[in-house]
Every structure is written in structure tokens, then in C-alpha cells.
Amino acid sequence: MSTQLSVTSPLLFLLLLVVLSIDISRGSQLQEEQLPSPSISPFVEGGLNYHVKQVNGGRRLSIFTSYKDVVLTEFRMPGESVAAIFGVASTSNPAGCAADKTISVAIQHAGFPFLWANYTGTSGVFMGRDPAMMMEYPATDNLWKITVPAPRTGLWYAAVSMRANVSNHIKQKGLFSKCEVTCVLSFLTSAHMGGVVQLASGEKYEFKSSSLEPEAPSYQLFKMCLMEDRYDAVDVQVHCDVGCPLIVRARSDGLPIVGAKNGSVHTLTCQGGFCAMTYEPIQKTCQYVAVNFAGTANFSLTVTAVRCRKPVTRLPTEADMVAKKRQLSFDPDTERRRDRTGEISNTKNKIPDVALANESFYHGEASVEQPLCPYILGMARLDVGPAFTSSFGLNKYEWPSTESLFLPTAVYSDTILKFDVTPYKDTGGTLSVSLNLTGSALPDLRNFTVVACLNTGQGSRFNILSTCRGPLLVVNDTHLYEEVVLPYPEVGTYYFNLQGIPLVGGGTPTSDFPLIYVPVHVAVRLDQCMKGTCGPYGTCKVFLNSGVMITSACVCAAGWKGWDCQDGSEAESTVTLIMAVVFLTLSNLIFLPAAVVAIRREYYPEAVVYLCTCFFSSFYHACDQPLKRFSLCIMDYGVLQFCDFNVSILSFWMTIIAMADLPAHLRSVAHIAGAIGIALGVEYEKTGIWVFAVPAIVALLITGTSWGFRYFNDY
């Protein structure tokens, strides 16, 4: 009896040390299941009949930490929709467990919603796109909706995320009930039920109406479709005879309804007689014109798509460019060096004389002057391999140089580069466009400026310095390089319009300028996150959302947040991070006294396990740090994690088995069986409760059985 007490007393001390030093609190993750989706019937709201177009099955929501936690859904909006409703139904299991959480819904046309409305991070990020329509509501079992009046045709995206006050406490998986929040998204539209008059460009339409109620308001809707992308303006002319004043509204790619989102509505009030307005259209879309009047009205309407005047000239041939390069000693390698060093080359080229054509490319009399047609060059796409690693370059079949664009300096010259951003493949990345004026040392170019406007769906032509709706890039001899970044770019055709603006000493544009070529380097590429990186406080990851939509997102660490992990408003201090590393690492030294006691008591296998636990747990915590500059990984993170979990549980098992005081042959069997079983459990689910509970229960049963057997034998 005394011998048994002398053996178990130090083993109880060892067990206490092991229990105090093992971190048995492991995180857990919710697993997504496919839930049945409810059915939503058509209904009437605000005098409009809505019809269900799409209902998506239940999707599990997780707490928002980055864009990887967002549930993305794609909808295709039919044409001539008066309104659309995006409905979100959420349920929680158990019921009411998500009362402290908030669900956020963002709706965006043609691109993934950008969820950081107050972003103030990296300079050069364009934030001027149409803002996403957002709504927040408590995560209770209810149905919420967003109504979009007169939505544009095409793809729409909804991003659903769940917000909560995230606790820093780790909860053991399996000990606490999981709160699962599921959302179901529905999409309903109300189509225009009235008549639509189809017009051809320049066609004059005579409208006459009569009404029994002279004060009753009414309207007529007209439509004209642009099948090409070379229209610079749409000219709307109205001649009102009876029923004036008329309210004329026009819009591209959507009904011209007051309050319409995602697209400008152009309004004209015609008091009588002849009235006209002009606007820049979205290319390859239908133009809608609505005329509102009261009672009886007689008027004529003409909608004209204004095309440009085509110049009679030719693009430089490859032989011309070779001769110019030989004359200027200009080569791509030299140009690349200029990109890095900013050196300026000495260029002096002359372009062919430009003669204007007399042919008119539209019918009817427009109220605007036809501008000269630009050079529209399609950019060729090059896919490198991984997602969002594409680049666009000048097509060698349309332009002799794939490196640089030689921009004429004439005041009337426009060069438009166009390229396509496609759904599924591109819109989850980041679009970067840069402009580099490789320049000229000629005194004539001291006041020469190149301006470029990037638009989707239309190419701004008229005074783009003040009318550009997209990002505007400006370079000159003192500011050679400028770049703009578009997160989650919209789907569609992008038009990058470059104009050379000769300026006099006071900054006034002038046409009295020598015609020369200015080499301009244009770089267009798709990247992951912010140029493939997230700075020192995050990691760029690529995810597959909803099974088809590829998304790149920054996963931030140490309290940093934002699209590119540059928002440090809630970041942990450097002192806190260093203290966390030191304490987590040095706390494992408590295994050293346990190993010393085991060696003195001749429990050598147990001592080896304690030393391995001290070693692997220390280096695992040193490697498992949110910021890489505070981490130390002597081997792969996954290997360290497995070894830490495995030897930690194994040390607990071997301590209790030692306390059982089994015979040597049974103890060896228990050691081998425990090592194999624990390794299997850790590999199967290292964060579960059972991987620790099962070995503990079995070891305690073995110890209790052994002690009971010895007790009955002794007495």
C-alpha cells in the first residue's frame, strides 16, 4: 500500500502539470448544408404586379471578417422593368439564437458590391462607381426586401453578410450549441405593361391624342436601339403643338422613370414649339424616351443617333514604325527602362495629314455637330494561368506596336482603346489601368497634356476633363505616370479614351500645335486583391463563391480590416502582439519540470513525450501568429499543428496510464494503442471534443479498473 502511494503521488503532480499546460480549447467552423428553399408567390405592391424570376436555396451565413464570408448571388434583369424587388428571408436554428447579429444586404448592377463605402486606404483606388444599394436588419426570422425602381438591364449581384460583435474567447467545439443562420434570396420584377413605339434613328413620329378628362395625365414611351458602338450622342428633338408643356425624359438601358438607379435620366421641359436635348448614350443598348403630357397632346418626336465623321487616313504600317524606331533609336527594352527610371526620350515623329470626309453617317438634321471619328482599337487579352492574372495589350493586327501607343498631338484627335471584362472570370478581381507618358525632350511638349477617361459602356468624347464619369488619368512632362485601380470591376466593354490637349502658357487649349507622335505606354491588367498582395497585415486568397463565382479577397489579421487590410482603427498594438507570442511560447516551459520528475522516477517514455510537447507546442504557437513578421516557423505550419495536438493529448494519455501502474507488457500495449488511436483522431478532427474526451475516458477507466483489481487482491 505504501509503495503504491509513493508511485502515484508524483504522477498526480505530473497530471496536474499536464492539465494546466494543455490548451484544450480549440476553435470550430460551421459546415454548410443544403436546405430546402421556400416558395414565394407573385404579389401586388404599389399598384405593380410582380412576378417571381428566381429563388435561391438556403445558404448558411458566417460572421463577416472578409469578402470570403459573403454569400454572392447573381440575377439577370429583364429589359423594360418598371421595378424589381430583391427579397431576403433569414432563419436561425435554434430559433432566436441570432438576436444579437445583423444581416447586411448589398445590391449592385454589373459587378460585385463593394462593401467598404467609407474606404480611405490605398491612393489610386477608384471609388466613383454607382454606390451599392445597402440594407441592414436584425437576424430574426423575417422577410426583408430592397425595391429598385427602373433597374438597368443585365446582370445584378447581391452580397449578403452577417455582422456581430466577435468574441475573442475560444469555445471548444462540441460543448456549445451552434447558432446557424440561413438566408434565402428571391428576385421579382414588374414589367412595363404599356405600349412602346419602336423608332429608327432620324425617324420623325407624329403623336396625336385625345382625352375625355383634359386634366388626366398620360405619357408615351419610345425606344431606339443602338446596334454598334460608334455613336457619340443621341439627339432628341420635340415640336409641341397642343398639350404643352411636355416633360421629356431619356435614358440608356433602362426606363426613364424619376428615381431610377444606376444610370442618368436626362430631362427636358418643352413649353411649346421646338425643343431639343443631347446626351451621351451607353453603347450597344436601347435608348428609351418617355413623353409626359396632360389631356390632349399633339407633338412630333425625332430621336437621332449621331455618328462621327470618319477621317480619310490610314494607320501607320509596321514598315513605318520600324523606320521611326530606327530614326529615334526607340526599342521596347529602352521603353521598359523608362517605365522604371522615368527617363525621357528624344522623339520627333510626324503623322500623315488627316483629311475629313464629307459623308454623313446619320439621317435627319441633328442639333449637334458631328465630331471626328476616333481611332477605336481593340485590346488583345493574355491569360497567364491562375485566376485574375490576365493582361490586355494592343492588338498587333490593328496597331504595329504592342508596347506603346503613339498618340497624335492634334487637338481633334481621339484614340479609344476597348476591352471586355467578363462575368465569372474577371469581376472578382481587381482591374488596374496605368498611363505612362514616355515623353519627349522637345520644348514643344512642355505644355502638352494627355488625358484619359475610363468608362464602361460608353466612351466620353466631349471635354472629358469635366464630363468623364469614370476614373480620369492626366499625365504630362512633369507627371509622367498615373494609375487607377478598380476593385471588383463591372462586367461589360470598357472604353479608354485618350486625348492629347496642347496648351499655351496660360493653360488654354490651342490647335496651333505641331503634329507629332507622343509615345504613351498603356498597361491594363487584372490582379488578385491589391496587385496580388494585401500589405503587411493580410493575405490574399482566392475563393469559389456559390460554386461558380471566383473571388479574390484579403484576409486581414491582428485587428486590421478593410478591402486591402489598411484600416487600423481596431488593430492590436505591437506590444500586445509581442506579449502574446512570448507568453504563448514560454508557457510551454512548464513541461520541463514534469519531464525532470518523470526522468527521476524512471518514466522515460513519458519524459520523452513531455519534452516533445514542450518543443512542438512552443514552436507551433510561435508559428501560429496573425502577422508574419512576428512568427517563426521552423517547418510547415500543418506539420507543427498536427504534432502539437497529437503530443499534447498523448502526454495526458500516458500520464494517466502511468498512474494505473499496469504490468510492463500491458503498459506497452496501452502506449502503442493510445499513440495510434490519438494520431487517428487528431487527423480526423483535431478541433473536436471527442478527440480529447475519448482518450481521457478510456484512460480513466483503465486506471480505475487497475486500482480496483489491486484493492480486491490486497484485501
Side-chain angles (χ1 to χ4, degrees), residues 228-232 280 283 307-318 320-321 324 330 335 347 349-357 370-380 392-420 433-440 445 448-465 467-468 470-476 480-484 493-503 509 511 513-524:
E228 300 178 5
D229 61 354
R230 301 209 174 192
Y231 296 99
D232 291 297
E280 294 184 41
Q283 304 296 332
R307 296 189 64 174
C308 55
R309 292 180 293 169
K310 191 173 183 180
V312 180
T313 185
R314 64 178 178 88
L315 291 175
T317 64
E318 187 168 1
D320 295 335
M321 296 303 297
K324 294 178 186 299
F330 184 87
E335 181 183 351
T347 61
N349 302 322
K350 292 201 174 180
I351 62 173
D353 294 335
V354 177
L356 303 184
Q370 288 177 276
L372 186 70
C373 282
Y375 293 120
I376 299 181
L377 304 176
M379 303 191 75
F392 298 87
L394 298 177
N395 194 329
K396 67 178 182 179
Y397 298 106
E398 298 186 32
W399 188 261
S401 172
T402 59
E403 295 287 336
S404 289
L405 180 71
F406 287 80
L407 187 67
T409 60
V411 71
Y412 51 75
S413 63
D414 284 51
T415 302
I416 296 181
L417 308 179
K418 68 175 183 177
F419 57 92
D420 293 324
V433 180
S434 64
L435 197 64
N436 187 4
L437 182 63
T438 55
S440 171
L445 291 183
F448 181 75
T449 300
V450 176
V451 295
C453 177
L454 181 65
N455 271 333
T456 173
Q458 63 190 90
S460 297
R461 297 290 313 283
F462 308 107
N463 190 17
I464 63 175
L465 278 173
T467 63
C468 180
L472 183 69
L473 288 78
V474 180
V475 293
N476 50 43
L480 293 176
Y481 181 84
E482 189 165 355
E483 183 179 26
V484 67
T493 301
Y494 281 76
Y495 296 85
F496 193 43
N497 187 5
L498 296 94
Q499 292 183 356
I501 302 181
L503 302 175
S511 59
F513 204 82
L515 297 180
I516 61 175
Y517 276 129
V518 177
V520 179
H521 185 274
V522 180
V524 181

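Within the 4.5 Å cutoff, the side chain of Leu498 has heavy atoms near those of the Val522 side chain.
Annotation: side-chain hydrogen bond (donor to acceptor under 3.5 Å, both in side chains) contacts of Thr493 (sequence neighbours excluded): Asp420. Partners of Tyr494 by ring pair (Phe, Tyr, Trp, His ring centres under 6.0 Å), not counting sequence neighbours, listed by chain and number: Phe419.
Closest heavy-atom contact between Glu482 and Leu473: O-CD2, 3.5 Å. Considering all non-hydrogen atoms of both residues, Cys453 and Gly470 come closest at SG-N, 4.4 Å.
With rounding to the nearest 0.5 angstrom, the OG1 atom of Thr449 is 12.0 Å from the CD atom of Gln499. With rounding to the nearest 0.5 angstrom, the CG atom of Asn497 is 8.0 Å from the OG1 atom of Thr415.
Residue His521 is tested with Asn436, Leu435, Leu480 for a side chain to side chain contact (heavy atoms under 4.5 Å, CB included); the sole match is Asn436.
Remark: side-chain polar atoms of Asn455 are not paired, donor with acceptor, to backbone N or O of Tyr495 under 3.5 angstrom.
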